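Report on the structure given below.
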Amino acid sequence: MQQPIGIVAAMRVEMEAILEAAEQVASQEYTSMTFYEGTLSGVPFVAAQCSPGKVNSALCAQVMADFYHPRMILNIGVAGGIGKDVKIGDVVIATACVQYDFDGTAGGNLRLGELEMPPDDRKMREFPCDPEISGKLADAAEQLYGHAHRGMIATGDRFVADPAFGKWLNETFGALACEMEGASTAHACYLNKIPCAVLRTISDNGNDNATVDFPAFARESAHKAQQLLANVIGTL
């Protein structure tokens with residue numbers, strides 16, 4: 001039997017959109033999260049709503065690794081756009097992700113966002129996303145959305161509503177978007193040797209002046225992401 005594709009989403013509306021299009025769905029609970037198994041466009045998947053935050057998303061990815069053995073994990077959701085020409089409604093697909101709020105610089109041997117990784121304390125700042133999977137997602141996004149951005153995504157346990165901070169993230173890490181789950185999912189995938197990809201729809205521009213109706217935008221974004229996954233999942 002083919003190994004499933006893992007899907008990690010922070011919001012309930014994102015999970016509900018996937019389940020609406022899924023078939024043969026069964027569920028099981030681990031770490032207080034519900035994991036749904038089924039097929040999407042005939043392809044086996046396992047999906048869960050992790051809720052916002054780095055720990056939640058890393059736990060979710062680890063449970064998938066331990067109990068479902070996915071052949072890849074996709075992290076989907078919304079984000080703040082902080083890169084040049086990244087606008088509300090655009091899609092950003094990560095080439096890599098960074099945990100911008102990890103700060104070990106006081107020790108003198110780490111850069112901001114850089115961690116020491118097991119088993120040998122090697123230094124790592126950018127958690128890679130699989131280029132082949134990301135490329136296929138980008139191609140599918142180009143067809144569905146009209147265009148897609150590819151680049152760094154910055155992850156931290158903070159809802160960014162300060163344009164100056166967003167500008168700093170862009171200048172410091174080269175990030176095009178900021179959110180709360182991508183790098184931690186990629187971190188867990190890296191340690192488990194599971195390919196991953198991170199896809200984000202831009203809901204705001206890293207400030208508190210967003211003009212969109214967020215609940216309505218989230219529903220529309222979730223259904224568009226579901227359509228994108230349904231279109232591309234058979235090629236992954």
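Here the structure is a predicted model, which means the values were calculated and not measured.
Scanning both residues, L137 and A197, for their nearest heavy atoms gives CD1-CB, 3.7 Å. Smallest separation of non-hydrogen atoms from M15 and A47: SD-CB, 3.6 Å.
The shortest distance between side-chain heavy atoms of M117 and H187 falls below 4.5 Å. The shortest side-chain heavy-atom distance between C60 and F35 falls under the 4.5 Å cut-off. Under the 4.5 Å side-chain criterion, counting only non-hydrogen atoms from C-beta, V91 is not in contact with H149. Counting only heavy atoms from C-beta outward, the side chains of L199 and L229 never approach each other to under 4.5 Å. Using a 4.5 Å cut-off on side-chain heavy atoms (C-beta onward), Y145 and K224 make contact. Residues Y36 and V46 have side chains not in contact (no heavy-atom distance under 4.5 Å, counting atoms from C-beta outward). For the pair C129 and C97, the minimum side-chain heavy-atom distance is below 4.5 Å. Two residues are said to be in side-chain contact when any heavy atoms from C-beta on lie closer than 4.5 Å; L236 and L74 meet this criterion.
Residues D139 and Q143 have side chains that never bring a donor and an acceptor to within less than 3.5 angstrom of each other. Looking only at atom types and distance, the side chain of T34 has no donor-acceptor partner in the side chain of S27 under 3.5 Å away.
Ring pair Y68/Y30 is perpendicular by interplanar angle, where above 60° counts as perpendicular and below 30° as parallel.
Checked for salt-bridge contact, R200 and E179 meet the test: a charged N lies under 4.0 Å from a carboxylate O. A salt bridge links E132 with K136: the closest approach of a Lys/Arg side-chain nitrogen to an acidic carboxylate oxygen falls below 4.0 angstrom.
Between the side chain of S41 and the backbone N or O of A230 there is at least one donor-acceptor pair closer than 3.5 Å. Between the side chain of N170 and the main chain of A175, a donor-acceptor pair closer than 3.5 Å is present. Using a distance-only test at 3.5 Å, with no hydrogens or angles considered, a donor-acceptor pair links the side chain of N192 to the main chain of A188.
Connection of L176 to I88 is not established within any shared hydrophobic cluster, with ILVMFWY side chains joined at heavy-atom distances below 4.5 Å, either directly or through further cluster members. I202 and F159 sit in two unconnected hydrophobic clusters of ILVMFWY residues. Membership requires side-chain heavy atoms under 4.5 Å apart, directly or through other members.
Between the CG atom of D162 and the NZ atom of K167 there is a distance of 11.5 Å, given to the nearest 0.5 Å.
Relative to the six-membered ring of Y100, R125 misses at least one condition, a distance below 6.0 Å or an angle of at most 45° to the axis.
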